[in-house]
Amino acid sequence: MTDRQEIEMNPADDLEGFLRQAQEITAQMQAAGQHAAAQPVTGVTEDGGVQITMTPGGEVHGVSIQPRVVNLDNLRRLEELVAEALRDALTKTKGAATQSLAPFADSFQRLAGDDSPADRR
């Protein structure tokens, strides 16, 4: 295609193609986000005594406490273990969400006209 032919292209065609690609990427991102939000992760204490299973959307599916970590004379320690497991679960949910959307970074880069992968910046 010559420079002259490129200039004569209909700008509306380019815009329609751009919008179509953006809509496709957005739909794929929404599907990936919904899938990730439904996938439970399990946060675990370092000693494995407490586990909390939850979705990235914050829905708690279960709490498991091993009898060996329950000491009625030291409930504060049990509270700390539950908080530790919850922090671990929240960290994992953030990681799962980031991981599910990572493939779309390059798609948006290409859509914006930058052909270099996002991680090379």
Side-chain angles (χ1 to χ4, degrees):
M1 185 180 287
T2 67
D3 290 339
R4 176 87 178 165
Q5 288 171 325
E6 287 178 23
I7 293 172
E8 291 177 5
M9 287 181 63
N10 185 349
D13 291 340
D14 288 343
L15 181 58
E16 287 175 21
F18 175 82
L19 292 175
R20 186 175 48 257
Q21 286 179 329
Q23 288 172 339
E24 289 172 5
I25 292 170
T26 300
Q28 292 170 356
M29 284 182 63
Q30 287 174 339
Q34 289 172 349
H35 177 74
Q39 300 302 310
V41 298
T42 301
V44 183
T45 56
E46 192 172 307
D47 68 358
V50 177
Q51 297 181 0
I52 297 178
T53 302
M54 65 186 297
T55 65
E59 183 179 332
V60 176
H61 286 233
V63 176
S64 172
I65 300 173
Q66 299 295 316
R68 64 182 166 77
V69 299
V70 178
N71 178 349
L72 296 179
D73 294 328
N74 189 1
L75 289 179
R76 180 77 180 143
R77 177 67 183 140
L78 179 58
E79 292 168 349
E80 291 169 356
L81 291 171
V82 170
E84 179 184 337
L86 182 57
R87 280 191 301 273
D88 186 48
L90 290 171
T91 298
K92 288 178 180 176
T93 61
K94 290 176 186 174
T98 300
Q99 190 174 27
S100 72
L101 297 177
F104 299 101
D106 286 341
S107 296
F108 277 115
Q109 291 292 326
R110 285 191 304 275
L111 192 59
D114 180 5
D115 290 332
S116 62
D119 59 350
R120 288 190 196 166
R121 290 181 170 200

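Not measured: the values here are computed from a predicted model.
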Asker: Gln51 and side chain to side chain contact (heavy atoms under 4.5 Å, CB included): which single residue from Ile65, Asp88, Val63, Val44 fits?
Answerer: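 Option passing the side chain to side chain contact (heavy atoms under 4.5 Å, CB included) with Gln51: Val44.
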Asker: Give me each pair satisfying salt bridge (Lys or Arg N to Asp or Glu O under 4.0 Å) with a member in residues 22-45, each pair once, sequence neighbours excluded.
Answerer: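 Residue pairs passing salt bridge (Lys or Arg N to Asp or Glu O under 4.0 Å), neighbours aside: none found.
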Asker: Any side-chain heavy atom of Asp47 within less than 4.5 Å of one from Gln66?
Answerer: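 They are not in side-chain contact.
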Asker: Find the distance between CG (Leu86) and CG (Leu81) and round it off to the nearest 0.5 Å.
Answerer: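 Those atoms lie 12.5 Å apart.
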Asker: Any side chain to side chain donor-acceptor pair (under 3.5 Å) pairs touching residues 74-85, not counting sequence neighbours?
Answerer: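 Qualifying pairs: Arg76-Glu79.
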Asker: For residues 52-62, dump all side-chain donor-acceptor pairs below 3.5 Å to protein atoms at least two apart in sequence or in another chain.
Answerer:
{"residue": "Thr53", "atom": "OG1", "partner": "Thr42", "partner atom": "OG1", "Å": "3.0"}
{"residue": "Thr55", "atom": "OG1", "partner": "Gly57", "partner atom": "N", "Å": "3.3"}
{"residue": "Thr55", "atom": "OG1", "partner": "Glu59", "partner atom": "N", "Å": "3.2"}

Asker: How far does OG1 of Thr93 sit from CD of Gln39, to the nearest 0.5 angstrom?
Answerer: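 Rounded to the nearest 0.5 Å, the OG1-CD separation comes to 13.0 Å.
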